[in-house]
Amino acid sequence: MARAPCLVWPRWLLGLVFTAILLTVVVDAGNDGNWTVKHEAGRCALKGQCGKQSFFGGELPCPDNSLADTPAKEFREKLVGLCGETWKDSDVCCDKDQLDALSTNLKRAETIISACPACKTNFFNLFCTFTCSPDQSLFVNVTATAIATSSKLIVTELDNIWSNASGQGFYDSCKDIKFGATGGKAMDFIGGGAKNYTTFLKFLGDKKFLGSPFQINFPRPVGLEHDGIVAADLKPKACNDTDEAYRCACVDCPAVCPELPKVAEQGSCHVGLLPCLSFSVILIYFVFLLLLVTAVSGHVAYQKHNQRKSERLQLLQDAALSDDEDEVDTVQNAGMLDRPQRHYRLNSFFDKAFSELGRKCARYPLIMIGLSLVIVLVLSIGWISFEVETNPVRLWVSPSSAAAKEKEFFDQNFGPFYRAEQAFLVNDTQKSGPGPVLSYDNLAWWFDVESRVQRMKSLKQGVSLNEVCFNPTGEACVVQSLTGYFHGSFSAVNKDTWQDQLKDCTEQPTECLPDFQQPLQPDMVLGGIKNGSALSAEALLVTWVVNNYAEGSEGETRAIDWEESLIDLLNDAAQEAEQRGLRLSFTTEISLEKELNQSTNTDAKIVVISYVIMFLYASLALGSTTLTVKSILHNPANALVQSKFSLGIIGIAIVLMSVSASVGLFSAAGIKVTLIIAEVIPFLVLAVGVDNIFLIVHEFERVNISHSDDDIETRIAKALGRMGPSILLSASTETVAFALGAAVGMPAVKNFAAYAAGAVLINALLQVTMFVSVLALNQRRVESSRADCFPFVKIKRADPVSLNAGGGFGFEDEGPLQRFIRKYYAPALLNRKIKVCIIVGFLGLFTAGLALIPEVALGLDQRIAFPRNSYLIPYFNDLDEYFNVGPPVYFVVRDLDVTERRHQQELCGRFSTCHTFSLANVLEQESKRSNVSYITGSTASWIDDFFAWLNPTNEKCCKENGKTCFKDRDPAWNVTLHGMPTAFEFVHYLTKWIGAPTDENCPLGGKAPYSNALVIQPDQVPNPVASHFRTSHVPLRTQKAFISAYASARRIADSISSSQNISVFPYSKFYIFFDQYATIVRLTGTLIGSALAIILVLSSLLLGSLMTGVVITLTVIMIVVDVIGCMALFHVSLNAISLVNLVICVGIGVEFCAHIARAFMFPSKPIMEKAKSKFRGGDARAWTALVNVGGSVFSGITVTKFLGVFVLAFTRSKIFEIYYFRIWLALVLFAALHALVWLPVALSLIGGEGKFWVVTSNDCRYTHISAGYVDPESDGGLEEDLNSRRYRAMLPEDEYDSDEY
């Protein structure tokens, strides 16, 4: 249940206070003369009580300009007891009846201001002086009188003249006093929220209903001091008075508060406008450019110098080459030296293992397929335990995190935070722009809407608002609405005077209390107020506060049922508002989850279309290896046989099977599916799985050409032997990279990591087993001339020779992409000057990504997660625009024995012995620097209000046996806490206070404001109490503000815990959603860093080269950094969703790089030999890798992913557009660029292993040769191009040695 604010001082009681204090009731008789003739010391201006103005009025004073009287002894003792020792020898201008009334009502006012002795003293002095001063005529001038019901003359108006210093000092001593559990200021009650002393005194003197019954003017003394009039000039006590008897507590007097330590601003390191990181990397990059330019210039100059020197020498020497020179040149141009010379044992082992696996699959395909299906089916049984986690709390916060445990503690001890249903009625539909929303007709209609809500019963269970609402007093539901100023009844709205009434209520909310007796602050019910006038408000705000219950309970079910009916009602009201030229936006507690689910359903069609396009492309592209225009024209019947559409469909089905098996496995393990998993995993596994299918099929088709005489088993074994290690490299690094995320506490990331790692691993296993078996069966179909998709139909016109030869065509059918890479792209890319440009360009791109990292914001705007047409989007827009109240925050103290005095002093703030840095004092000081603390307003301190409740001056508060508590106690109640309750006595009174009603007789009763704020064990000492202290955040409008507010609250709680040695934690309803951002930057770095470390280890191990592993890892780093830079440019913030995407970036980056890197380390010998002398060392191997697999990476990996991502551009969901389309598009583009441009250049420069030295001259000079490792299966290429791999083994030698290079 929610925590209720305290009931405030009732307006009629305030009226009585000032009625009795001012001692007069009057009717204006029209006499505006000067009734105080003589102004001199010892003379009065009014004295005694002369009657009433009406039957309901009170006794009011008579104008009396006579001399002051000497009081009787008993009268004087009472006067001194009330007004102080300064009256022990003074004459007076008041009688016993006046003094009795003054005493009664000053004590009532004392309830509000007693916390600050200075204010209390000044308040008493003002009214004691005004009522009884013997020199009254010096500063009081009666200006109007009337005839009372008793036919006597009574005062109707007077001037009460006080010096500026007195007025200012009086106001300053009272302006910061806090009152009651509302945390409001006492000035709101005694001064109408006055902002200066003149308006304070004016409020006290203005004639108004339930206020001052006659007009008291407090004119400034300038120009009025004549004819003996002298302004009263009492020296007011300051709240930080040097006399400790008058000094106020920190919460009521900022001047006595300790200075809190300064808070260091985070992320403030800047050089000019640039963050330090951005400035540093840019500086380093330009230094690198400078050094590069210097080195290149020096090299060019050196080459020119050598050239000139060589020309001079040639004039003196024979130009013919010596035998040694010929020998060296011959050696240096011997392409055979670049052939791989060594075997890598680990690669040879995997090659043999995969070859044997392929042979078994081809020999027993039906057994392997059946076994795979059985395993997938068994794993998929786990679907019976399939559950989707939609609860945001359980999605974003680890159950073991501090925030989750603190929420659990709060809910168990104080009850779940209340459910809020809120609506905005806005006038912004006109072309002229926003305008005032308040009019008599609009009010009439809105009163009717609220009445309908009040009467509404839910459709399923017939639940009404009264049954579920928060009702702290038991008399009325808490509905924070402008209608509360009129007690919820339109009959109280007068068509002629409603504007004045509304203006008065917004200026003095305490005088227009709603039925639930809590003041309605204007900011809570009106928005868009211009020039301080409530009538100019552009929005009307309404909040229905509903009780919350434990999840899954009957109470929660009833509340949800009522909210569903409320949504229907407000949707109807929104249509009515539109007809009136208004706009209604709203939310309920269940709206967020419902709209998030709606968003997912909206995206389902787009996701399915994306998958279908990848399916079609994959199926058609697989067949392109054996189907060309020439082959179709040669024999169209062959197309029916050579088509691989069914093979592609089966490959895609295997991808889906792996997803199903993974979901079943982890569902059985109790790991719930999240929306991220449902949306991302199929796409991810398809993107990874299709690539491997392409490689296996195309490699097998190449083997069909080069080994057409071998049986199918041998060809399958050779193809899988070549491709298996490459698939192992990519699959293992991706699986391990994803699996690392399972160690993260955040369920959204943890669950995704588990499902992704499982799906990728299962997919890879099915591809090298089941798919290879299907491939063998498909080849048997082809060689039997049977139709694709209809294997029972034999195509008689098909050419068996061309079918068995894989198509019967050769190099002349090389595709345009392969030809472009071989003849133009690869040679140009490896040109020395182009290399320099690529290095400069990609390092510049990397630098830009690093420089943009500080610009990536944290958070997730809720509006992004909804469908574009969601009714919650305008609500959140209105919330930002018109709601000027921040969320409440509770500082929870646990396991503290407050029966001990020292612990009481660690919490309290209103008493002189409270610790300087007590909880209440620290929160008060933090509220004064809200720009740093994000806290504003006063703190509802239960322990201060409890001790104030014990104050015997509040005669109607604490009662025992018919007597006022502590009235005759020794020591008496005091602000030092000396002698105040401890141990069992404390528990006794605390229990009594918690049950005390909060009403007009005692506003300090604890039942309404604190009944759910404490957990105590009656009659137990020591008594470890759990309690909370409530305050508020400033209005929070951005994700950054929410995150900063949470961090600040954590800082404050930790500071209090440390300084007072107690356990304190902050709690607000939104904290649970923002807890992730306290660690997400560190978590992101840890996850990505760990994944990169695994990639480095595995790639170095499987490729046999540390430097090649370093190049791959560096390339993936550059891809990820560039994607992060795009996040800053695309306004994609860092959160759990983008963290998952960054982990995906690591996996996909490896997928792009792995095949080229392996082709570099295990180059195809026939292709490498074709390079001859055009490329040497690393360049030759990089050229070979590009020619071998460059087309595969582009058409199989890049195009496949691009087509799938492109469809997401048409989604209606902002979250898909921003977090998936934008990020994945950047990922595909950057990964393709780095894999096809940067990686070959980097490998040619620093990639390696398998290096050796050869002698190149008679004088023992050596040449360093980098040749890589021998591929055991390489006899025409390792991985061939996706569309046409056959030409490499068939190319005539002169083609590669032509001058076209």
Side-chain angles (χ1 to χ4, degrees), residues 390 418-430 434 437-439 441-469 477 479-483 488 490 525 527 538-546 548 556-603 862-883 1212-1214:
T390 58
Y418 57 78
R419 309 172 71 90
E421 337 292 344
Q422 192 171 60
F424 289 84
L425 183 65
V426 185
N427 181 15
D428 65 353
T429 62
Q430 307 301 321
V437 71
L438 298 177
S439 69
D441 290 339
N442 287 345
L443 283 179
W445 171 73
W446 187 250
F447 268 87
D448 177 65
V449 172
E450 287 196 22
S451 177
R452 279 183 267 165
V453 173
Q454 184 71 34
R455 301 191 310 268
M456 179 194 72
K457 291 186 178 295
S458 63
L459 296 178
K460 296 179 181 178
Q461 301 186 29
V463 181
S464 67
L465 176 61
N466 289 331
E467 296 176 69
V468 296
C469 74
C477 294
V479 180
Q480 296 172 325
S481 170
L482 175 143
T483 60
F490 187 66
V525 296
E538 298 171 358
L540 186 152
L541 290 63
V542 182
T543 305
W544 294 271
V545 184
V546 174
N548 209 348
E556 185 192 46
T557 302
R558 289 167 59 82
I560 291 175
D561 183 35
W562 183 83
E563 288 170 347
E564 289 176 343
S565 296
L566 178 64
I567 291 175
D568 294 336
L569 188 152
L570 292 179
N571 275 325
D572 293 339
Q575 295 179 3
E576 297 173 15
E578 186 176 353
Q579 295 173 359
R580 293 176 165 272
L582 305 174
R583 180 175 56 80
L584 178 66
S585 64
F586 64 91
T587 187
T588 68
E589 190 73 14
I590 62 172
S591 295
L592 181 63
E593 187 172 322
K594 290 186 67 174
E595 288 299 287
L596 287 176
N597 293 336
Q598 179 66 29
S599 177
T600 301
N601 296 334
T602 300
D603 298 326
Q862 297 177 91
R863 286 165 285 200
I864 294 176
F866 304 134
R868 294 178 189 271
N869 60 348
S870 172
Y871 67 86
L872 287 183
I873 294 178
Y875 164 76
F876 281 109
N877 291 337
D878 291 337
L879 187 70
D880 286 348
E881 181 69 21
Y882 299 113
F883 198 52
R1212 290 189 297 163
S1213 169
K1214 289 291 291 183

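Numbers for residues simply follow the sequence, beginning at 1.
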What donor-acceptor contacts under 3.5 angstrom involve side-chain atoms of residues 564-574, with partners at least two apart or in another chain?
residue	atom	partner	partner atom	Å
S565	OG	L459	N	3.1
N571	ND2	I567	O	3.2

Suppose we screen for side chain to side chain contact (heavy atoms under 4.5 Å, CB included). Which residues come up paired with [X], at least two apart in sequence or across chains?
X: S870; result: E595, F866, P867, L872, I873
X: S464; result: K457, N466, E467
X: E589; result: R419, E421, E563, K1069
X: E578; result: none

Can you tell me how far [atom2] of [Y] sits from [atom1] of [X], rounded to the nearest 0.5 angstrom?
X: E576; Y: W446; atom1: CD; atom2: CH2; answer: 10.0 Å
X: L592; Y: F876; atom1: CG; atom2: CZ; answer: 6.0 Å
X: L482; Y: F447; atom1: CG; atom2: CZ; answer: 6.5 Å
X: S451; Y: F490; atom1: OG; atom2: CZ; answer: 12.0 Å
X: L582; Y: L425; atom1: CG; atom2: CG; answer: 5.0 Å
X: C469; Y: Q454; atom1: SG; atom2: CD; answer: 7.5 Å

Partners of D561 by salt bridge (Lys or Arg N to Asp or Glu O under 4.0 Å), sequence neighbours excluded? none
Can you tell if the side chain of [X] reaches within under 4.5 Å of the side chain of [Y], non-hydrogen atoms only?
X: L438; Y: L540; answer: yes
X: E881; Y: V426; answer: no
X: Q422; Y: T543; answer: yes

Partners meeting side chain to side chain donor-acceptor pair (under 3.5 Å) with D878 (sequence neighbours left out): R583, S585
State which residues pass side chain to side chain donor-acceptor pair (under 3.5 Å) with T429; sequence neighbours excluded, sorted by chain then number. none
Closest heavy-atom contact between Y418 and N548?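 Where Y418 meets N548 most closely, the heavy atoms are CA-CB, 4.0 Å.
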Heavy-atom pair with the smallest gap, counting every atom of L541 and A539: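 Where L541 meets A539 most closely, the heavy atoms are CD1-O, 3.8 Å.
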Please identify each residue that fulfils ring pair (Phe, Tyr, Trp, His ring centres under 6.0 Å) with F883, with sequence neighbours left out. none
With Y882, which residues qualify under ring pair (Phe, Tyr, Trp, His ring centres under 6.0 Å), at least two apart? none
Quick note, ring-ring contact (aromatic ring centres under 6.0 Å, His included) partners involving residues 556-592, not counting sequence neighbours, are F586-Y871
Residue pairs passing the salt bridge (Lys or Arg N to Asp or Glu O under 4.0 Å) test with at least one member in residues 441-451, sequence neighbours excluded, are D448-R452
